[in-house]
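Here the structure is a predicted model, which means the values were calculated and not measured. Quick note: numbers below take in every heavy atom, side chains included, and nothing from hydrogens, waters or symmetry partners. Start at 1 with the first residue, then count along the sequence. Remember, it's 1-based here, ligands and their atoms both numbered in the order they're listed.
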Amino acid sequence: MKLFIDSGDVDEIREAQSMGAIDGVTTNPSLLAKAGRPTKDVITEICEIVDGPVSAEVIATDTQGILREGRELAKLHPNVVVKVPLIKDGLKAVRTFTDEGIKTNVTLCFSAPQALMAAKAGATYISPFVGRIDDIGGDGMELIGQICTIYDNYDLETEVLTASIRHPQHFLQAALIGSHVATVPFNVIVQLLQHPLTDKGLAKFLEDAKKIPQG
Ligand code: G3P
């Protein structure tokens, strides 16, 4: 499973990248608002840090506006993936982007029929938001299973990009189900590394190392 970082913070993206496990980046308007800089500047800088797909989201909600914004974003760097909301006008734009060779990430997916429609429009990635489904009492990971099954049934090429990940269990379940990608916030990436027995074991090794005679 590929690991993307879900962030608009170039410092944490740089830090995660230095761990050697980051395959790409996803952003959204909420994350970029926190960055407090123009979208184009941040996306260009991210593309210089991570050599992999970098999702940048359009703000327009009509097809012509989405196409205009998406083409501008795609010009920033060959690795830019245009992120498009899962609405009727969005899917019309996805079909055109696909025909033009521009990669897309269809976002705000909350059902398997939505995911099937996005794949039929030619989406490169589909982003189901598992945490937000859990927030309203649903089962986000069940949706990932449904989408993976449907895409497998029909050999659809769209990659399942599990998004809105809140904790390591989401990441683990996504990998077990066979999600192609998980996009994970920096704090959860750090949690993926943590285990109390690792800390305890390391403390013991360091303590015992002091007893080794110096040559
Ligand atoms: O980038 C999309 C998604 O990962 C957002 O997550 O935590 O705002 O639901 P969240």
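- For ligand 1, the atoms closer than 4.0 angstrom to any heavy atom of A163 are 4 (O).
- A heavy-atom distance below 4.5 Å is not found between the side chains of T107 and Y125.
- Nearest protein heavy-atom neighbour of atom 7 (O) of ligand 1: R166 NE, 3.3 Å.
- An N or O contact shorter than 3.5 Å is missing between T27 and ligand 1 by distance.
- Taking distance alone, with nitrogen or oxygen atoms compared against 3.5 Å, S164 approaches ligand 1 more closely than that limit.
- In this structure, K88 and M117 have side chains that are not in contact, with every pair of non-hydrogen atoms separated by 4.5 Å or more.
- If you number the atoms of ligand 1 from 1 as listed, the ones under 4.0 Å from a heavy atom of K83 come out as 1 (O), 2 (C).
- Near R132, meaning under 4.0 Å from any of its heavy atoms, are these atoms of ligand 1: 5 (C), 8 (O), 9 (O), 10 (P).
- Listed for the E69 side chain is a donor-acceptor partner under 3.5 Å among the backbone atoms of I59.
- Listed for the T158 side chain is a donor-acceptor partner under 3.5 Å among the backbone atoms of A123.
- Considering backbone and side-chain N/O atoms, N28 comes within less than 3.5 Å of an N/O atom of ligand 1.
- The pair R132-D135 fails the salt-bridge criterion, with no side-chain N (NZ, NE, NH1 or NH2) lying under 4.0 Å from an Asp/Glu carboxylate O.
- Considering only heavy atoms from C-beta on, D51 comes within 4.5 Å of N79 through its side chain.
- Note on K75 versus E72: salt bridge recorded, some NZ/NE/NH1/NH2 to OD/OE distance being below 4.0 Å.
- Shortest contact from atom 4 (O) of ligand 1 to any protein heavy atom: D6 OD2, 2.6 Å.
- Counting protein heavy atoms only, atom 2 (C) of ligand 1 is closest to F129 CZ, 3.3 Å.
- In this structure, E57 has no heavy atom closer than 4.0 Å to ligand 1.
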